[in-house]
Protein chains: 2
Amino acid sequence: MNINIILFNNFETLDIFGPIEILGQIKDYQIHYYSEAGGVITNAQNLKVVTEPISSADESGILVIPGGMGTRELINNTSFLNKLKSIAEKSTYCLSVCTGSAVLARCGVLKNKKATSNKQALEWVKSVSDQVNWVKKARWVADGKYYTSSGISAGIDMTLDFISDRFGKDKAIKIANDIEYIWNDDCTNDIFAG
Amino acid sequence: MNINIILFNNFETLDIFGPIEILGQIKDYQIHYYSEAGGVITNAQNLKVVTEPISSADESGILVIPGGMGTRELINNTSFLNKLKSIAEKSTYCLSVCTGSAVLARCGVLKNKKATSNKQALEWVKSVSDQVNWVKKARWVADGKYYTSSGISAGIDMTLDFISDRFGKDKAIKIANDIEYIWNDDCTNDIFAG
């Protein structure tokens with residue numbers, strides 16, 4: 001199974017590397033990093049990551065998209081959104097962290113679905129699309145193949161839940177223990193909402 | 001203030017990107033990424049990060065080193081250890097996550113200091129140096145300018161404590177809230193020990 005990580009300039013660091021740490025514990029998952037044109041992607045923490053062009057992605061597999069300030073530009077990039085929509089629709093599962101859900105929403109793939117996002121950015125996220133059932137209080141939300149999480153570190157909790165759904169809760173607990181992470185495993189317990 | 005991140009092949013993803021997320025919230029901190037020879041560093045999660053050669057680092061500032069399976073080779077790389085020792089000694093502060101403390105220990109800079117490491121790897125870490133006062137039960141340990149944490153996600157808690165020590169607890173709490181992270185702020189509460 002391919003894990004297709006979508007990066008863009010000014011993505012948020014922990015949004016994506018929390019989930020990658022967890023997904024990377026599954027031996028059958030092959031992680032790939034894509035951006036619109038490929039090449040080096042840079043973010044606010046001066047991190048430079050080498051990516052492949054999104055046109056070269058095998059569109060099946062698991063799509064993962066982070067948030068970050070870069071999403072403010074991304075939601076106006078029509079050619080990128082068209083490609084992302086195609087991948088999201090063909091993917092087996094689709095995970096977003098923080099304002100990554102705004103990008104998925106703008107693609108139209110979250111229409112009439114429940115989803116959440118960063119709580120400090122929620123008003124902006126809602127303004128991007130009013131066709132999503134935005135959940136104001138949730139650490140993360142799963143609706144069918146779409147998993148969306150709240151801000152930044154919430155992606156870690158969501159990805160452990162995704163692993164639990166795929167491989168059983170014992171596997172998720174083992175991974176949490178191996179990475180010495182105290183898993184907040186109740187998606188309704190969102191202390192950062194409101 | 002420079003943040004000097006030390007990378008090597010097969011570093012552990014979340015070890016370093018948890019602390020970077022937090023350190024990146026401080027506007028005066030300029031983050032740089034170094035490896036022995038510079039160029040692209042790859043890890044087990046297929047991540048490719050662009051780095052500068054360690055010889056070009058300004059040795060003052062804050063040194064941060066992750067763990068990961070790559071540390072098993074690193075502790076036998078004498079030229080790298082000599083350079084790392086020089087940077088560690090000249091740094092204002094020095095932070096390690098997981099088995100990163102084994103590398104610092106092999107450099108000799110943790111001699112007679114209290115330090116900790118990944119709990120599943122602690123026997124190996126102790127075998128690297130018996131001149132360190134290894135703490136078996138601690139989420140992280142601060143001894144002078146050296147902050148060492150337990151495994152992987154423990155680096156997030158440690159770095160928030162580092163911020164608390166530098167800028168006050170309110171600042172650390174604000175960052176934790178901004179990244180929607182439930183901070184485990186008691187370094188003695190280590191549920192993964194033993």
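The sequence lines fix the lettering, A, B, ..., with proteins before strands; numbering per chain opens at 1. What you are looking at is a predicted structure, and each value in this text was computed from that prediction instead of being measured.
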- Item | Over 12 foreign heavy atoms within 6.0 Å of NZ, A/Lys145 |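 Yes - once you tally the heavy atoms of other residues, nucleotides and ligands closer than 6.0 Å, there are more than 12.
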- Item | Exceeds 12 heavy-atom contacts within 6.0 angstrom, atom NZ of A/Lys137 | yes
- Identify the two heavy atoms, one from A/Asn46 and one from B/Tyr33, that lie closest to each other, and give their separation to 0.1 Å. O-CE1, 3.2 Å
Identify whether [X] and [Y] are in the same connected component of the hydrophobic contact network (ILVMFWY, side-chain heavy atoms under 4.5 Å).
{"X": "A/Val109", "Y": "A/Val135", "answer": "no"}
{"X": "A/Val50", "Y": "A/Ile31", "answer": "no"}
{"X": "B/Tyr34", "Y": "B/Leu23", "answer": "yes"}
{"X": "A/Val40", "Y": "A/Ile6", "answer": "no"}
{"X": "A/Leu104", "Y": "A/Ile87", "answer": "yes"}

- Query: What part of B/Glu12 gets closer than 4.5 Å to chain A, counting heavy atoms only: side chain, backbone, both or neither?
  - Reply: both
- Query: With a 4.5 angstrom heavy-atom cut-off, which part of A/Val49 approaches chain B: side chain, backbone, both or neither?
  - Reply: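 For A/Val49, heavy atoms of backbone and side chain both lie under 4.5 Å from chain B.
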- Message: Can you list the residues of residues 163-184 of chain B that sit under 4.5 Å from chain A, counting heavy atoms only?
- Response: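 Residues of residues 163-184 of chain B touching chain A at under 4.5 Å: B/Ala176, B/Asn177, B/Asp178, B/Ile179, B/Glu180, B/Tyr181, B/Ile182, B/Asn184.
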- Heavy-atom distance under 4.5 Å between the side chains of B/Leu14 and A/Leu14, does that happen here?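 They are in contact (side-chain heavy atoms under 4.5 Å apart), so the answer is yes.
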- Among B/Ile3, B/Asn118, B/Ile191, which has the most heavy-atom pairs under 4.5 Å with chain A? B/Asn118
- Message: Counting heavy-atom pairs closer than 4.5 Å to chain A, which one of B/Gln25, B/Arg139, B/Gln30 comes out on top?
- Response: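 Highest number of pairs under 4.5 Å: B/Arg139.
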- Message: I need the B/Leu47 CG to A/His32 NE2 distance, nearest 0.5 Å.
- Response: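 Those atoms lie 13.5 Å apart.
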- Select all residues of residues 63-83 of chain A having any heavy atom within less than 4.5 Å of some heavy atom of chain B, and report them by number, or 'none'.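 Result: none.
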- B/Gln45 (side chain) donor-acceptor with A/Ile20 (main chain) under 3.5 angstrom: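 No, B/Gln45 side chain to A/Ile20 backbone: no donor-acceptor pair under 3.5 Å.
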